[in-house]
Amino acid sequence: MITLRNKCFTSLVFRRTKSNIKNYSIITNRNFSCLLGIETSCDDTGCAIISDSGEVLGETLQSQNLMHLRNGGIIPDVAQDLHRKYIEPTVDKTLQAANISMSDISAIAVTLQPGLPLSLAIGMKYAKHLARKFNKPIIPIHHMEAHALVVRKEYDVSFPFLTLLISGGHCLLAVAQDVNKFLLLGESMDSAPGEVFDKIARRMKLRNVPEYSQMCGGQAIEMAASKATNPHMFKLPLPLAEYKDCNFSFNGLKTSVLYQLFKKEKVHNVDADKLIPEVNDLCAATLMAISRHLIHRTQRAIEFCSKNDLIPDKKKQLVVSGGVACNNYIFKSLTMLCNELDYAIFRPTPKLCTDNGVMIAWNGLEKWWRNIDIVTDLKTLDIKAQSPLGESLVDKVIEARIPTKLLKIKVNL
Ligand code: KG4
Ligand code: ZN
């Protein structure tokens, strides 16, 4: 059952006390006031300020989506230039919205891994600049951990829980055992679902439809799919059907969709900037196929967790996070799976599913409460483009060859 988090929840968690403060030199005699979070791992410049009780006092998101839509994808140099241009105004705007100054901030949480190196570097440099200028510690944040944990800001989801992270850069299944303890069960061997949605939408030219022109690929495909009149017209393969593990693969599926698109373009002799007449049906087939793949791997992960006592019976919880979690069809399908398997399912509100500063500030706060990763020696901090999530159990899952009897989940578009 989904319950809204009790406002007094901070009393339930480990709180920071003077006796457990690490490097005392910087924070002596300072009570916690609030935390600043900075996100620049990809194409969004995000900033948020969060209070000790988890209340968001100010937040700003400078999205580069429209620019990248025009460019046909993210160009790292362009993303870096935009982060450089917007980082200072974004932080300033957030401080103004919260009506506080840097002296009121107790620590700066910033995404340092994984992500586009040029983008990460801007967030790190600016966080270090602020940390030096105002004598604040930095809390380094792992982008995927932040995605997985932000749900705890809104819902009472306690550890351990199973998490499915689906975004433009990642696709993985993991058990979150604690704020800094994750067990990786499976991940994508090629692309991420959001990336595949974006590429397919671009190739379908959905952007030429005014209604979709400002939407990211995933959102446009979801909208077009809802208008399908014959959603079963196109047959697409189920990726990794023979592999009894929790890994994902989307490239074969993408190729099949693009092949069907190409065939229809030829049949209809479609002009360069026009869409095929069956575009809604092809979007529906794409969405259903990606959803089916996600459901099957999640079902197997649930079974693996149960066989290995990773999730106790009393805590059967699945958290879906990342930009693709905004997709209602996918979430509904996962909800039906969870209903069948007696799992509770949670996802953050849509604006916290996609990249944002709040999830970084929240992750910083959870670390602050536990007194972990509060760094005052700034030289030790650096960015990391690649950074797997937690301890890998992927080989163990492969070896286990869980013979899942896959459930048939039917959801209306
Ligand atoms: O989490 P996010 O903001 O960035 C990464 O960390 O990658 O996710 C962005 C991705 C994009 O690929 C976008 O197409 C996808 O999330 N997305 C969606 C929807 N809204 C955003 N995918 C499917 N359905 C949606 N409604
Ligand atoms: Zn993300």
Side-chain angles (χ1 to χ4, degrees), residues 37-46 61-66 68-69 72-74 76 79 83 111-116 119-120 123 141-151 163-172 187-188 191-204 206-207 211-226 250 253-254 257 283-284 286-291 293-294 319-334 347-360 362-363 385-387 389 411 413:
I38 296 178
E39 157 64 30
T40 64
S41 69
C42 189
D43 60 340
D44 291 305
T45 317
L61 188 68
Q62 179 67 44
S63 171
Q64 304 177 1
N65 186 35
L66 288 181
H68 299 309
L69 270 174
I74 298 172
H83 282 307
T111 311
L112 293 189
Q113 54 184 318
L116 298 174
S119 296
L120 287 168
I141 302 293
H142 189 291
H143 183 81
M144 294 187 255
E145 292 181 3
H147 267 305
L149 297 178
V150 70
V151 74
T163 181
L164 170 68
L165 167 52
I166 39 179
S167 72
H170 308 283
C171 185
L172 57 86
E187 61 190 334
S188 178
S191 319
E195 178 189 355
V196 166
F197 278 132
D198 293 339
K199 285 189 175 148
I200 291 175
R202 202 174 307 135
R203 181 61 188 78
M204 284 176 166
L206 289 182
R207 201 164 81 81
E211 195 187 345
Y212 309 141
S213 62
Q214 314 242 315
M215 288 181 185
C216 62
Q219 214 182 348
I221 288 182
E222 180 175 21
M223 191 73 91
S226 69
F250 297 93
L253 195 53
K254 181 182 74 187
V257 175
C283 283
T286 306
L287 180 54
M288 290 189 300
I290 288 184
S291 181
H293 185 39
L294 294 172
V319 168
V320 194
S321 62
V324 178
C326 293
N327 190 291
N328 288 327
Y329 179 84
I330 291 175
F331 188 69
K332 262 193 244 162
S333 309
L334 287 162
R347 68 168 162 178
T349 50
K351 73 173 189 169
L352 296 185
C353 285
T354 46
D355 290 352
N356 62 85
V358 174
M359 69 184 195
I360 307 305
W362 171 260
N363 198 164
Q386 308 282 339
S387 177
L389 179 76
V411 175
L413 283 158

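We count ligands from 1, going down the list as the structure has it; atoms in each ligand are counted the same way. All of these numbers come straight from a predicted model, not from anything done at the bench. Atoms considered below: every heavy atom in the structure, side chains included; atoms not considered: hydrogens, waters and symmetry mates.
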For a distance under 2.8 Å, give residue and atom name for each protein N, O or S atom next to the Zn ion (ligand 2).
His143 NE2, His147 NE2, Asp355 OD1
Run the side-chain hydrogen bond (donor to acceptor under 3.5 Å, both in side chains) check on Glu187 and His170 step by step: do they pass?
CA-CA 8 Å; Glu187 61 190 334; His170 308 283; over 6 Å; no
Criterion side-chain contact (heavy atoms from CB on, under 4.5 Å) on Ser321 and Val151, from CA distance to verdict
CA-CA 8 Å; Ser321 62; Val151 74; over 6 Å; no
Closest approach of Phe250 and Cys171, non-hydrogen atoms and distance?
CE1-SG, 3.7 Å
Applying side-chain contact (heavy atoms from CB on, under 4.5 Å) to Gln219 and Phe197, what does each step give before you reach the verdict?
CA-CA 9 Å; Gln219 214 182 348; Phe197 278 132; over 6 Å; no
State whether the shortest distance between N or O atoms of Cys216 and N or O atoms of ligand 1 falls below 3.5 angstrom.
no
Using heavy atoms and a 4.0 Å limit, tell me yes or no: is Ala201 in contact with ligand 1?
no
Does Asn356 reach the main-chain N or O of Thr354 with its side chain, forming a donor-acceptor pair under 3.5 Å?
yes
Does one side chain, of His142 or Asn363, offer a donor that lies under 3.5 Å from an acceptor on the other?
no
Does an N or O anywhere in Glu222 fall below 3.5 Å from an N or O of ligand 1?
yes
N/O of Asn327 under 3.5 Å from N/O of ligand 1, yes or no?
yes
Those atoms of ligand 1 less than 4.0 Å from some heavy atom in Cys353:
1 (O)
Other residues, nucleotides and ligands only: do more than 12 of their heavy atoms fall within 6.0 Å of CD on Glu211?
yes
Note: ligand 1 atoms sitting under 4.0 Å from heavy atoms of Ser167 are 1 (O), 5 (C), 6 (O), 7 (O), 8 (O)
Taking all heavy atoms of Leu120 and all of Pro114, pick out the closest pair and write down the distance.
CD1-C, 3.9 Å
Mind listing the closest non-hydrogen atom pair of Ser291 and Ser333 along with its distance?
OG-OG, 3.2 Å
Using distance alone, decide if ligand 1 has a nitrogen or oxygen within less than 3.5 Å of any nitrogen or oxygen in Phe197.
no
Using only atom types and a distance under 3.5 Å, with no angle test, would you say the side chain of Asp198 pairs donor to acceptor with the backbone of Gly217?
yes
Regarding ligand 1, does Thr354 bring an N or O atom to under 3.5 Å of one of the ligand's N or O atoms?
no
Do His83 and Thr40 meet the criterion of a side-chain donor-acceptor pair at a distance under 3.5 Å?
no
For ligand 1, does Ser41 get within less than 4.0 Å through its side chain, its backbone, both, or neither, judged by non-hydrogen atoms?
neither
Of the backbone atoms (N, CA, C, O) and the side-chain heavy atoms from C-beta on, which set of His147 has a member under 4.0 Å from an atom of ligand 1: side chain, backbone, both, or neither?
side chain
Any nitrogen or oxygen of Gly218 lying under 3.5 Å from a nitrogen or oxygen in ligand 1? Just yes or no.
yes
Within a distance under 4.0 Å of any heavy atom of His143, pick out the atoms of ligand 1 and give their elements.
6 (O)
Among all protein heavy atoms, pick the one closest to atom 3 (O) of ligand 1 and tell me residue, atom and distance.
Asp355 N, 2.9 Å
Do you know which two heavy atoms are closest between Ala192 and Ser167, and how far apart they sit?
CB-O, 3.4 Å
Where on Asp198 is there a heavy atom closer than 4.0 Å to ligand 1, on the side chain, on the backbone, on both, or on neither?
side chain
If you scan protein heavy atoms around atom 7 (O) of ligand 1, the nearest is Gly168 N, 2.8 Å
Hydrogens and angles aside, do Ser41 and Thr111 bring a side-chain donor and acceptor to less than 3.5 Å of each other?
no
Return the closest protein heavy atom for atom 17 (N) of ligand 1 as residue, atom name and distance.
Gly323 O, 3.5 Å
I need the minimum non-hydrogen distance between Asp355 and Cys42, along with the two atoms involved.
OD2-CB, 4.1 Å
Where ligand 1 meets Gly194 - atom numbers and elements under 4.0 angstrom, heavy-atom basis:
12 (O), 14 (O)
